[in-house]
Asker: 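Dropping the structure in here first, questions after.
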Amino acid sequence: MRGRDHGRTHRKTGRGIAAAVLMCAMVLGICGAMPAAAATDRAISGATIRVGLTIEPGDTLPDNITVYNDSSDVKDDKAYVGTNSARYYVSDAEWVTSSDRYVAIGELPKLRVYLEPEAGNAFRGSYGSSSITIKGGTFVSARREGDGVLAVVISVPVRGTYAAPANAQWRDYGLGRAEWNTDIDRYDDYITATTSGYYDVYLYRGTTVVHKVEDYHGETYNFYPYMTRKGTYSFRVRTVPHTESQKQYGKKSEWTESDEFYIDEESVSDGTGQTNVDGVTSGTTQVGWIQSNGTWYFRYPNGTYQTNGWLKLNGIWYLFDGSGRMLTGWQQDKGQWYYLQANGAMYSGWVKAGDYWYYLNTVADGGTEGAMRTGWLTTGGKTYYLNSSGIMLEGWQEIDKKWHYFYPGYGYMATNTTIGTYFYVDANGVWNP
């Protein structure tokens, strides 16, 4: 086994030395006599690896990964991998993720680290996250190779601070219309890697914050509805992390401040078009159904919204959550399941959702209108059975230790007939073996 290399820089496609050692062994004709690990070698039960990546968003992965085998300290190399063990050492490291494209904050590029045992030691058995400790990254996988080397794949996060937005300014047309990053080419790969596309934007009148918009997706915003008093206005904007990975590894940018914009008494807004915390637009003439950001709300003339429950309009039931959002699809309320159309209207009767049929109470059925049925159901002169999930059963089914047949595609129970050639079901739909 060859000795360790300390503080050595490796190309991303290294391992040439290991290949040379193998070639020498072949030339000497002793390759077949060199076992991967002698029977007397001590098995290495686990390993600890420290990794680090220090680059800016929009950079490409560095070609060189520096290797340290004599230290467990954090380094300042752009990319490094290290360990500090008397029983094994890092012989090489290379990127698994392509190093040709720009990387963004929150990405988790992968590298492969090759561990070789020192003389008298060997990697045996299997290795996983419980036996391989990674500091500065996350264990992905490990496998032993034929030459006694343990290859460990590690993901290492791209950390950093977002760049501040550029060109924060007021548009020349339309009062109170703010914009920033006006020169951004949204199809440019480098630009895509340097910004999250989400921003905090604060409106000021003098030094007073008038309105805040946080985690906002876009590069323009209409502040005019909040300019209800004369004065000098400005806004500040900063880039913020949006996804969970970005929030874990990225930091908000510095603020970028716009120039000042003055509005006199004759030009101030009456407040129409302001939004509340749920993004619902307000205004003296906006009542009834209101759509905002793809979601429907119902507003009363006193400015309140329908929340936390059912509302019947023109004979149709609708359900709203605590934020006033109209709900769709399957929803549970007070222990009962309901199915709501895309327009919010509550279903009743038979409904097919996905690949299955369900039955929802009608007024004529009694009980709670629209509630999903389970168990036996007789409607339209036919009998059906709906399992505990409300799904209409088909074919042969054993229910309460009795066998019944439900016609496929229709679901109603067969009675007083022979199914196939041999199986008779009686007036109660029971097959008696």
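In what follows, every heavy atom counts, from backbone to side chain, and hydrogens, waters and symmetry copies are set aside. Computed from a predicted model, the values in this text were never measured in an experiment.
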Asker: Taking the six-membered ring for Trp, are F406 and W376 parallel (under 30°), tilted (30 to 60°) or perpendicular (over 60°)?
Answerer: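 Ring orientation of F406 relative to W376: tilted.
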
Asker: Check this for me: K247, atom NZ, are more than 12 non-hydrogen atoms of other residues, nucleotides or ligands nearer than 6.0 Å?
Answerer: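 Count over threshold, so yes.
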
Asker: May I ask you to check whether Q306 and Y300 show a side-chain donor-acceptor distance below 3.5 Å?
Answerer: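 Note: Q306 and Y300 side chains meet the donor-acceptor criterion.
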
Asker: Would you say that more than 12 heavy atoms from the other residues, nucleotides or ligands in this model lie under 6.0 Å from the CZ of R50, or not?
Answerer: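 Yes, because the 6.0 Å sphere around CZ of R50 holds more than 12 heavy atoms from other groups.
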
Asker: Please determine whether a side-chain nitrogen of the Lys or Arg among R171 and E179 lies less than 4.0 Å from a carboxylate oxygen of the Asp or Glu.
Answerer: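 So R171 pairs with E179 through a salt bridge.
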
Asker: Test side chain to side chain contact (heavy atoms under 4.5 Å, CB included) on M227 and V268 and set out the steps.
Answerer: CA-CA 6 Å; M227 295 176 168; V268 297; 5.9 Å; no

Asker: May I ask you to check whether over 12 heavy atoms, not counting those of E260, lie within 6.0 Å of atom CD?
Answerer: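 Counting other residues, nucleotides and ligands, CD of E260 stays at 12 neighbours or fewer.
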
Asker: Looking at Y318 versus W289, is the centre-to-centre ring distance below 6.0 Å?
Answerer: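 Under 6.0 Å, so yes.
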
Asker: Please set out all donor-acceptor pairs under 3.5 angstrom arising from side-chain atoms of residues 326-346, sequence neighbours excluded.
Answerer:
residue: Q331; atom: NE2; partner: T328; partner atom: O; Å: 2.9
residue: D333; atom: OD2; partner: W310; partner atom: NE1; Å: 3.0
residue: N343; atom: OD1; partner: A345; partner atom: N; Å: 3.1

Asker: For residues Y233 and F235, establish whether the separation of their ring centroids is below 6.0 Å.
Answerer: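 No, the ring centres sit 6.0 Å or more apart.
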
Asker: For the residue pair Y199 and Y216, is the inter-centroid distance of their aromatic rings smaller than 6.0 Å?
Answerer: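 No - the distance between ring centres of Y199 and Y216 does not fall below the 6.0 Å cut-off.
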
Asker: Look at the aromatic rings of Y412 and Y407 and report parallel, tilted or perpendicular, splitting at 30° and 60°.
Answerer: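 Tilted.
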
Asker: What about W350 and Y358, are their ring centers closer than 6.0 Å?
Answerer: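 Not close enough - the centres of the two rings lie 6.0 Å or further apart.
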
Asker: Are the side chain of T83 and the backbone N or O of T48 linked by a donor-acceptor pair below 3.5 Å?
Answerer: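 Yes: the side chain of T83 pairs with the backbone of T48.
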
Asker: Can you name the side-chain contact (heavy atoms from CB on, under 4.5 Å) partners of D200, sequence neighbours left out?
Answerer: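 side-chain contact (heavy atoms from CB on, under 4.5 Å) list for D200, sorted by chain: Y202, E214, R238, V240, K252, W255.
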
Asker: Does NZ or CZ of R144 come closer than 6.0 Å to the centre of the six-membered ring of Y127, within 45° of the ring's axis?
Answerer: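 No.
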
Asker: Please step through side chain to side chain contact (heavy atoms under 4.5 Å, CB included) for the pair V103 and L61, ending with a clear verdict.
Answerer: CA-CA 7 Å; V103 293; L61 296 174; 4.2 Å; yes

Asker: Taking atom types as modelled, is there a side-chain donor on Y68 or D73 under 3.5 Å from an acceptor on the other?
Answerer: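 No, because no side-chain N or O of Y68 sits under 3.5 Å from a partner of the opposite role on D73.
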
